[in-house]
Amino acid sequence: MAVSLSLRLFALAYLHAQLASGCYTSIFSFGDSLADTGNLLLSTGSNGTRVGRLPYGETFFHSPTGRFSDGRLMIDFIGCAAFMSDALFLVGEIGGNDYNHPFSAGRSLTEITAMVPDVVRAITSAVDELIGMGVRTMVVPGNFPIGCSAAYLSRFQNEKRDSYDPRTGCIKWLNAFAEYHNRLLEEELRRRRRRHPDVIISYADYYQAAMEIYASPQDHGFGESPLAACCGSGGGDYNLNSTAGCGEEGSSVCSDPSRQISWDGLHLTEAAYKVIAGGLLGRHIMPSISRVCPELNWTVLDNGDGYISSS
């Protein structure tokens with residue numbers, strides 16, 4: 001299990017501000033494929049990974065950029081929302097792959113649950129290292145509700161009926177696992193706030209921000225089959241087949257990604273990331289980083305030219 005994370009192994013996104021005023025001049029994002037804006041593609045080349053081929057990137061960029069989605073990620077929406085005189089660090093999402101791989105390999109829930117403290121310890125070690133380097137504002141996200149992920153729903157589709165949440169169709173015990181990870185992470189972040197009162201350490205609640213979509217997908221503009229992957233193969237409830245992943249021969253893409261939450265089973269569509277980013281700039285981040293940037297209204301507004309601005 002790859003839990004011994006170090007800063008030099010994180011995917012790093014460094015964005016310059018597009019705004020004339022704000023609170024941060026730059027934003028650093030550390031994380032896995034949910035936050036990677038192209039570093040894997042840069043390091044492996046276009047032939048080394050399917051993310052270097054269409055349909056990845058088709059919605060906004062119209063070509064692959066190394067983002068694991070059809071378009072922009074949450075960091076793209078948040079990164080251009082506001083900053084001026086200091087740097088904001090987004091530390092995550094981290095830990096997802098430490099669970100994805102053993103779940104895919106058939107490890108038991110008991111075994112994987114025992115890994116959670118080590119994964120959380122690796123995340124908070126990164127937080128400690130950044131604080132030691134002088135970072136004073138950071139956002140640390142929790143995990144998504146993996147029980148709503150098309151990849152997990154497909155992997156465990158033979159679950160008993162009572163394993164599913166009748167309201168959302170998500171697998172309850174998998175979501176309970178994600179909540180356990182998030183509780184442990186929040187506890188560790190509270191300890192660090194007490195230890196470093198001069199550092200703003202915000203917790204980004206990816207779980208609740210995403211669950212709002214899964215609970216009421218039509219209210220957010222998504223279609224009647226919100227749990228199915230837009231890009232995949234196999235049809236069925238989740239449109240996934242392990243023999244042909246998104247971007248591989250035999251896969252296909254839905255006609256309108258903006259109506260789907262899931263892009264390729266594990267990653268979300270640009271439309272879903274935009275909705276979640278809006279929630280993270282509002283009530284789903286604790287404590288709110290707007291307290292250090294009160295002059296900006298932290299909302300996600302797509303002005304049509306590709307950049308996200310504050311209002």
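Small disclaimer: the values here were computed from a predicted structure and weren't measured.
- Between the side chains of Y56 and D264, at least one donor N or O sits under 3.5 Å from an acceptor N or O.
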(message) Does R192 form a side-chain contact (heavy atoms from CB on, under 4.5 Å) with D128? I'd like the steps, not just the answer.
(response) CA-CA 8 Å; R192 278 152 182 81; D128 293 338; 2.8 Å; yes
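- In this structure, CG in L240 is found 9.0 Å from CG in L153, a value given to the nearest 0.5 Å.
- Ion pairing of E270 with K274 is absent here, as no side-chain N (NZ or NE/NH1/NH2) approaches a carboxylate O to less than 4.0 Å.
- Of the possible donor and acceptor atoms, one in the side chain of S202 sits under 3.5 Å from a partner among the backbone N and O of P287.
- Taking CG from L185 and CZ from R190, the interatomic distance works out to 9.5 Å, rounded to the nearest 0.5 Å.
- Contact of the I213 side chain with the P226 side chain is not registered, since no non-hydrogen atoms from C-beta on lie closer than 4.5 Å.
- If you check the gamma sulfurs of C254 and C231, they are not less than 2.5 Å from each other.
- A perpendicular orientation is assigned to the rings of F103 and Y152, their planes being inclined by more than 60° (bins at 30° and 60°).
- With V116 as reference, V120 is the one residue of I112, V120, D118 to meet the side-chain contact (heavy atoms from CB on, under 4.5 Å) rule.
- At distances below 3.5 Å, not a single donor-acceptor pair connects side-chain atoms of T124 with backbone N or O atoms of V127.
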(request) May I have the step-by-step check of side-chain contact (heavy atoms from CB on, under 4.5 Å) for N143 and N182, ending in yes or no? (result) CA-CA 6 Å; N143 275 0; N182 293 341; 3.8 Å; yes
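- Within a 6.0 Å sphere centred on CD of Q218, heavy atoms belonging to other residues, nucleotides or ligands number more than 12.
- Note that CG of L189 and CD of E187 are 10.0 Å apart. Values are rounded to the nearest 0.5 Å.
- Between the side chains of S108 and E111, at least one donor N or O sits under 3.5 Å from an acceptor N or O.
- With rounding to the nearest 0.5 Å, the separation of OG in S216 from CE in M211 is 10.0 Å.
- With respect to E186 and R183, no salt bridge is recorded, no charged nitrogen being found less than 4.0 Å from a carboxylate O.
- Judged purely by atom type and a 3.5 angstrom limit, D205 has no side-chain atom pairing as donor or acceptor with the backbone of I285.
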(request) Would you please test L109 and F177 for side-chain contact (heavy atoms from CB on, under 4.5 Å) and show each step? (result) CA-CA 9 Å; L109 177 63; F177 172 84; 3.9 Å; yes
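- Between the Q260 side chain and the A228 main chain, a donor and an acceptor come within less than 3.5 Å of each other.
- For the residue pair Y99 / H181, a side-chain donor-acceptor distance below 3.5 Å is found, with atom types taken as modelled.
- For the residue pair D165/Y214, the side-chain donor-acceptor check at 3.5 Å is not satisfied.
- For the pairing with S163, the side-chain hydrogen bond (donor to acceptor under 3.5 Å, both in side chains) check across R161, K160, E159 returns one residue only, E159.
- Note: I276 CD1 to Q208 CD = 12.0 Å, rounded to the nearest 0.5 Å.
- Here the options are D198, L130, I200, the test is side-chain contact (heavy atoms from CB on, under 4.5 Å), and the partner is R136; only D198 passes.
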(request) Given side-chain contact (heavy atoms from CB on, under 4.5 Å), test Q157 with D237 step by step and report yes or no. (result) CA-CA 9 Å; Q157 62 182 322; D237 292 335; 5.8 Å; no
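- Considering Y180, F144, Y207 as possible partners of N175, the one that fulfils the side-chain contact (heavy atoms from CB on, under 4.5 Å) test is Y207.
- Scanning all heavy atoms of the two residues, the minimum distance from L174 to G147 falls at CB-CA, 3.6 Å.
- Between the R193 side chain and the I201 main chain, a donor and an acceptor come within less than 3.5 Å of each other.
- Side chain of S154 to backbone of A150: no donor-acceptor contact under 3.5 angstrom is found.
- Rounding to the nearest 0.5 Å places OH of Y238 at 10.5 Å from OG of S149.
- The closest side-chain donor-acceptor pair between H284 and E212 falls under 3.5 angstrom.
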